[in-house]
Each structure stands twice: as structure tokens, then as C-alpha cells.
Protein chains: 2
Amino acid sequence: MENEKEKVTTPEMPDIDVLFELADLFKVFGDSTRLRIMYTISENEMSVLNIAEVLNMEQSTISHQLRVLRQNKLVRVRREGKQIYYSLDDDHVKRIIEMGLDHVLE
Amino acid sequence: MENEKEKVTTPEMPDIDVLFELADLFKVFGDSTRLRIMYTISENEMSVLNIAEVLNMEQSTISHQLRVLRQNKLVRVRREGKQIYYSLDDDHVKRIIEMGLDHVLE
DNA sequence: TGAACATATGAAGATATGTTCATATGTTAA
DNA sequence: TTAACATATGAACATATCTTCATATGTTCA
């Protein structure tokens, strides 16, 4: 190869603490229950119990996982009366999933 | 765009086994050591020992993690004499990381 | 062939993670 | 206020994951 001096698109390695954050973010996507929750609320917001029913899982499990999603700013929360409605935070999230899916389904 | 019954971007939930694969893929990105390795070999291929030196980690640790990357088809491998050179498999991988980074840094 | 080097791998220990159970907190309506 | 319902959370357990150590495997060259 000629032209060895040229950097095409050299991504600088982020600081170590950013890398930890980044790893933490991907960890969130690295669980099938959370992925299912994200798909479930990707189009319409849904209450906790509703999500639990749709996925046929314990309310507690869903609640615990929603907390993880919340902490990572991946969901929006809206209270209405007794119920709390969750929805995906932005298209960003969907795009990350789609990108992963591309690789898996390649 | 016109309006034929079309849902804007409704992602069908993939089969459960695809979701497991997807989760497994994201798990790979969910570790800072692996992220650092991926950054390290994102531009130029590098030998195992070299990666270990750059990251100041044990050869064994790097080797174990490279195996994970290999199993998930995220790296390319090339042997040259005694050394084995690893590089990122495709831009796809970089894009997934960049997308996550966007979210973290937003 | 054997020495030196590079990489891979199994086992073990420490830590992290996911689910369940029981219960606490928060909300509404009577 | 209390009853009924929706959600959140702490503790406990099982399982998964990461790193290290010791060693095996693979390669080159004298």
C-alpha cells in the first residue's frame, strides 16, 4: 500500500471512563428480556403490567428491567393515574438494535 | 409519501432465538476490555502480544477475549509465522460502536 | 530434533447479573 | 381514612462472566 501516512477514519480511543459507560450501555442491550421489552414498547407506550402480560413474565422482573432501561435513559416514563407508561426514548435506540440485527441476520 | 395502511416503522419482534443471538452480540460489546481491543485493531491489524502490550494487560486475557470476538465473527484473523494478527471484521462493527458512543456522549 | 517464542485453553476464584419472593411505596376512589 | 390496585425494591439464590495461573499447542530456526 502506498500512502501510508494518510489516516482514513482513525477513531481515537475514548477515555477509559467513556469506554466503561459505553460498555454499560451495550450491556443493557445484551439481555433478551430487555430487548423484548424494548420491542414491545417501541411503537406504543405501555404500562408495566401490560408489558408483563404481553411477555408473560412476572411484574417484578419487568419492573427491575425497566429500571435498568430508565437508568440508561433508554425509555420515557409517563404516569397516568395508577399506571406508569413506558415507551422507547428515541429512534436512536431502535437504530442500535437494527444495526445489531443486521449483523446477526447477515 | 402517501398513505396506504402503511405503518411507519413498525419493527416486528424477531423470533426468540434471534433475540437471544442479538443479546449475545450486544453482550460482546458490553465489556470495556473487548471495546478497547476493538478500538486497538480498528485501523491496523495487530498481533496478540502487541495488543496486550498496548493495553497493558495479560496475554491470556487478550487471547480469551479475542476468542469471544472470533466466535461472534467480529474480527479477522491472519497468521504470519509465529504471530497471529487480528483486525476488525468490517465497518459494521465500528458503526455499532459509534452509534453507542453517540448515545453515551449526547 | 530441541530451544525459544507466540498463542490458546482449562480450571479456579471473585464479581456481576437476572429472576423470584415478599413487601414497601404510591395512587385512586369510596 | 381504608381498600384495592399498580409499580418499585431489597434480599436471596442460581448462573454467567472476567481475570489469572499454569500449561498445552503451534511455529520457526539453529
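Naming convention: chains lettered A, B, ... in sequence-line order (proteins, then strands); numbering from 1 in each chain. Computation of the quantities below employed the complete heavy-atom set of this structure, encompassing side-chain atoms and omitting hydrogens, waters and symmetry-equivalent molecules. Remember, it's a predicted structure, so these values are computed and weren't measured experimentally.
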| message | Let's go through B:Lys94 and B:Glu43 carefully: what are the C-alpha distance in whole Å and the side-chain angles of both, what is the deciding distance for salt bridge (Lys or Arg N to Asp or Glu O under 4.0 Å) to 0.1 Å, and is it a yes or a no? | response | CA-CA 10 Å; B:Lys94 292 184 199 172; B:Glu43 285 314 302; 3.3 Å; yes
| request: Quick one: closest heavy-atom pair of A:Leu105 and B:Val18, and the distance? | output: CD2-CG1, 4.1 Å
| Minimum side-chain heavy-atom gap B:Arg36-B:Met38 below 4.5 Å | no
| message | Per the ring-ring contact (aromatic ring centres under 6.0 Å, His included) rule, what does the pair list look like for residues 16-42 of chain A, sequence neighbours excluded? | response | A:Phe26-B:Phe29, A:Phe29-B:Phe26
| Between C:dC5, D:dA6, C:dT7, which nucleotide has the shortest distance from any of its atoms to the side chain of A:Gln83? | D:dA6
| note | Comparing A:Glu80 with A:Asp31, nearest DNA chain C nucleotide closer to 5' gives the residue A:Asp31
| message | Could you report the tightest heavy-atom contact between B:Gln65 and B:Arg34, atom names first, then the distance? | response | OE1-NH1, 2.7 Å
| message | Measure CZ/B:Phe26 against P/D:dA16 and give the value in whole Å, please. | response | 21 Å
| Rounding to a whole Å, what distance do you find between A:Ile84:CD1 and D:dA8:P? | 4 Å
| task | State whether the number of non-hydrogen atoms from other residues, nucleotides or ligands found under 6.0 Å of A:Lys73 atom NZ is greater than 12. | result | no
| said: Identify the stems formed by DNA chain D, where each pair is Watson-Crick or G-U wobble with both distances under 3.5 angstrom and a stem is at least 3 consecutive pairs. | reply: C:1-30 with D:1-30
| query | Hey, is the main chain of A:Ser87 close enough, under 3.5 Å, to the side chain of A:Arg76 for a donor-acceptor pair? | reply | no
| message | What is the distance, to the nearest angstrom, from the CZ atom on A:Phe20 to the P atom on C:dT15? | response | 15 Å
| Any side-chain heavy-atom pair from B:Leu66 and B:Ile51 closer than 4.5 angstrom? | yes
| field | Rounded distance in Å - OH (B:Tyr86) to C1' (C:dT7) | value | 8 Å
| query | For A:Asp17, does its backbone N or O pair with a side-chain atom of A:Asp15 as donor and acceptor, under 3.5 Å? | reply | no
| Between B:Tyr85 (OH) and C:dC5 (C1'), how many Å, whole number? | 13 Å
| note | Between A:Gly81 and A:Arg34, the residue closer to the 5' end of DNA chain C by nearest nucleotide is A:Arg34
| field | Spacing of A:Asp24 atom CG relative to C:dA16 atom C1', expressed in whole Å | value | 11 Å
| Spacing between A:Asn50 atom CG and D:dC5 atom C1', to the nearest angstrom | 15 Å
| When the distance from CZ of A:Phe29 to P of C:dT17 is rounded to whole Å, what number comes out? | 16 Å
| request: Mind running a 4.0 Å heavy-atom check of residues 58-79 of chain A against DNA chain D and sending the residues that fall below it, in number order? | output: A:Gln59, A:Ser60, A:Ser63, A:His64, A:Arg67, A:Arg70
